[in-house]
Amino acid sequence: MIELWRIAPPRGRIVIALALAVLLALPLAADRYVISVLTLIFYFAYVGQAWNLMMGYAGQLSLGHALYVGVGGYVAALMWLKLGIGPWLGVFAAVAAAAAFGAAIGWLGFRFGIAGVYFALLTIAFAEFTRIGFDHLELTGGAAGLFLPFEEKRIGEWWNLRGGQLLFYYLGLALAAGAALLVALMARSRLGYQWRAVREDETAARALGIDAFAVKMAAVVISSGMTAVGGVFYAFYYNNLFPSQVFEISRSIELILAPIVGGLGTVFGPVIGAFVLTPLGEGLTAVTGRFGINAPGVKAVFYGVVLIVIISAMPSGVWPRLAALFGLKDHAR
Amino acid sequence: MWSIYLNVAVQGVLTGLVYGLMALGLSVIFGVVRVVNFAHGEFAVVAMYAAYALFTAFRLDPLWALLPLAALFFLVGYGLQAALINPFVGRPEHEQFILLVGVGIIIVNVLLIAFGPDSRPVNLSYGFDSYEIGPLIVDKPRVFAAAAAIAVAAALFWFFRRTRTGAAIRACADNLVGAGVVGLNVKRLFALTFGLGLACVGAAGALLVTIADAAPSLGPAYTLLAFIIVIIGGLGSMAGALVGGVLIGVSEALAGFLFAPSMKSMFSFALLIAVLVLRPQGLLGQRT
Amino acid sequence: MTTLLAAANLSKRFAGLIAVNQVSFEVAAGEIFAVIGPNGAGKTTLFAMIAGALTPDEGTVTFAGARIDGLTSDAVCRRGIARTFQIVRPFPALSVEDNVMIGALLRRADMRSARAHARAILEMLDLADKRAATASSLTLPDRKRLEVARALATDPKLLLLDEVMAGLRPTETDRMVAILRKLNRDTGMTILLIEHVMRAVMALASRVLVLHHGAAIAHGAPKDVVRDPAVIASYLGAEAVG
């Protein structure tokens with residue numbers, strides 16, 4: 001960690017310190033709407049980072065990451081509702097459950113040589129299969145959803161994530177910053193280099209003694225476990241879970257937008273992507289809402305256009321260009 | 001009792017042929033252009049809305065709307081490949097995927113803004129007629145739709161087997177470098193292929209409105225359905241797409257009958273996982 | 001002289017075609033051994049069976065006293081055999097130094113020593129000044145050198161080189177020969193090479209195996225092998241000799 005700070009360019013250090021200070025102090029000045037948008041940005045920066053680890057670093061395309069969000073959210077919510085176990089403990093079970101799903105998918109995919117588009121379809125198939133399964137699962141309330149009740153007496157119980165907006169704002173900030181730090185550290189580790197070797201050329205990586213199967217399994221297990229933490233955050237922030245909302249393929253796609261726009265395989269890509277996309281999307285919703293146009297549709301059309309433009313014109317994302325422009329080289333790349 | 005199952009299965013075969021025609025378009029595009037059209041089902045839903053509009057405005061039977069829609073979608077596909085997708089040929093798979101995911105998102109949500117989330121039915125005058133053959137009772141619209149799907153697929157097979165352009169496209173699929181060396185205009189042939197793939201989708205969409213009501217949310221569902229079918233049949237195999245379509249049609253019909261209709265696609269996804277693991281080249285595909 | 005690598009009766013068929021037919025040979029520790037033969041003789045297939053990229057249909061490969069045939073390529077590398085690819089496969093988006101460092105990480109857990117090792121190897125292969133460049137930006141001769149550097153970074157006991165001289169200019173070939181010879185002399189590293197450039201084979205190899213149509217047709221010191229009529233016939237076509 002100290003090592004990371006030491007090698008960062010001076011300008012980069014100033015920008016990071018300034019950004020963190022502003023975000024920490026912002027609730028003093030900003031209104032509820034700004035805080036809610038920023039909380040959403042943190043959420044997408046966090047889950048985007050988890051996906052980035054698997055796609056951007058290890059080169060494995062998953063289009064079913066909503067599965068891990070859903071499993072994480074449902075496990076923690078159920079433990080809270082049925083057993084009275086709070087999310088700080090529940091998150092461990094949530095991570096374990098999602099990582100087990102990730103390991104199962106990874107094992108099938110990597111053991112049987114399902115790669116590229118086929119692997120992506122395998123991840124979609126698992127997510128969709130689970131979505132329909134949860135639609136019919138009585139324990140979780142089926143398609144009618146699972147609700148975390150609002151209880152007056154529990155407000156302020158931050159240890160049970162029963163708090164107001166600020167609690168989730170700071171929790172989201174900690175998650176997003178923590179994930180960026182974790183990915184930066186892992187990118188510079190032995191495993192991080194092995195991931196990149198497998199991403200670039202699996203045959204050549206194996207010829208250098210890298211156990212590609214083990215390395216890819218590590219990526220999918222870490223990524224799915226990390227994503228599940230986002231799911232717990234989601235469940236306790238929104239206080240409701242519907243299979244059709246959490247597991248949907250559109251959710252999986254929503255979660256990969258930020259790293260793609262920001263820059264795959266970079267530490268700051270998902271962060272920048274979330275900061276660019278989320279406010280634009282939310283702003284568009286607000287503006288078109290005033291004109292009475294179907295707002296969610298407009299936001300999605302905008303996301304679609306952004307995807308096409310970015311992938312056509314800047315397939316390596318916004319961040320590498322920004323970094324070059326301002327002399328902030330991303331060392332972890 | 002078994003006659004009920006037989007009825008359900010026959011309905012599944014007929015529906016499956018229409019699904020198969022839609023998937024055929026995906027398979028042709030992948031087999032030649034090597035691009036995965038992740039907006040495939042979304043295009044099918046656009047065709048459904050177009051058929052719905054033609055029916056509401058001019059009382060045009062979707063079976064007739066099939067012809068202009070196939071032609072229109074051919075042009076759309078040709079233009080899309082030439083203008084947007086061609087630079088992506090040979091680029092990493094995830095980039096092609098993301099491009100077409102973007103296209104799909106735009107289509108679904110433009111439909112959502114234009115028509116709203118409610119489904120739009122096409123009420124044919126013969127919509128509730130059926131044929132009785134012994135114990136079998138089959139819906140008239142489904143029989144027509146399946147027959148039309150077979151006709152369109154046959155025309156496409158004929159084109160690829162019997163025409164010079166079809167042979168040239170097959171040459172591109174077999175050996176891209178070689179096709180370029182002997183002077184084939186690969187870019188034009190790719191655009192042509194994408195056009196043909198979408199023409200299948202246009203035709204299939206027109207037929208689908210006789211089976212299901214048009215709704216924006218069907219887009220991603222049909223894309224996944226088309227992928228399941230071509231993976232099961234073998235990505236790039238034309239006959240495989242039709243066989244896969246029938247297989248999925250029957251399994252979904254039976255699953256919907258035996259369990260809850262809302263659970264039927266669960267079986268398709270389970271089947272997809274099984275095929276990916278056990279026979280990734282598909283049932284009729286060749287190992288590469 | 002101890003035997004480091006022994007291939008016994010290795011065979012491999014592809015759809016009825018015999019690519020390698022009952023080939024046996026031994027490489028002594030510290031030796032430079034060459035496999036030559038005309039195009040399509042089965043050299044690369046033989047290589048792939050040793051490196052774990054292909055499983056032999058028949059026969060065994062023994063390395064440092066243990067059977068390695070049927071092991072995966074990464075397991076073979078961990079045993080101490082590093083290879084290059086005939087068609088080079090650098091990690092294109094990574095820097096030259098990172099490419100080599102990934103090789104060095106096989107036997108080094110900490111990043112600092114892996115990087116230092118990578119730099120030393122780049123120095124040795126005259127790539128030090130290009131270490132920050134991305135691998136995809138290198139010229140073909142540089143990529144060939146990078147391929148060797150990356151394999152060397154894994155500290156192999158046996159280095160398998162698949163036509164690393166092809167496409168190099170004569171001066172570059174001489175430089176590569178000098179580097180390999182120095183490595184062999186200084187560290188005792190055993191080298192098995194497939195090579196078309198006879199100038200390099202004659203300069204490096206102590207013994208040569210000649211393959212033709214998948215079978216071993218000659219075996220011995222380079223200067224004897226090149227005078228063998230069967231070898232000349234295989235290269236020139238039988239009619240040219242007869």
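No hydrogens, no waters, no symmetry mates; every other heavy atom, side chains included, goes into these values.
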field: pair A/L307-A/L257: side-chain heavy atoms closer than 4.5 Å
entry: yes
- prompt: Going by distance alone, is a donor N or O of one side chain under 3.5 Å from an acceptor N or O of the other, for A/H65 and A/S224?
  reply: no
- prompt: Side chains of C/Q86 and C/T44: is there a donor and an acceptor less than 3.5 Å apart?
  reply: yes
query: Where does A/T203 contact chain C at under 4.5 Å (heavy atoms): side chain, backbone, both or neither?
result: both
- prompt: Any side-chain heavy atom of A/W51 within less than 4.5 Å of one from A/L61?
  reply: yes
message: So which atom in C/N39 and which in C/H196 form the shortest heavy-atom distance, rounded to 0.1 Å?
response: OD1-NE2, 3.1 Å
- line: In terms of heavy-atom pairs under 4.5 Å with chain A, the winner among C/P92, C/G103, C/A135 is C/P92
message: Check C/R108 with C/D155, please: is the shortest side-chain N to carboxylate O separation under 4.0 Å?
response: yes
- request: Using a cut-off of under 4.5 Å on heavy-atom pairs, state which of A/A212, A/A204, A/A205 scores highest against chain C.
  value: A/A204
- prompt: Going by the angle between their ring planes, with limits at 30° and 60°, are A/F119 and A/F110 parallel, tilted or perpendicular?
  reply: parallel
Interface residue of largest heavy-atom contact number with chain A, from C/I81, C/N99, C/L94, under 4.5 Å: C/L94
message: Heavy atom to heavy atom, less than 4.5 Å: which residues from residues 47-74 of chain C reach chain A?
response: C/T72, C/S73, C/D74
message: Need one label for C/F91: side chain, backbone, both or neither, based on atoms under 4.5 Å from any heavy atom in chain A.
response: both
- prompt: Heavy atoms, side chains only, cut-off 4.5 Å: are C/F33 and C/L193 in contact?
  reply: no
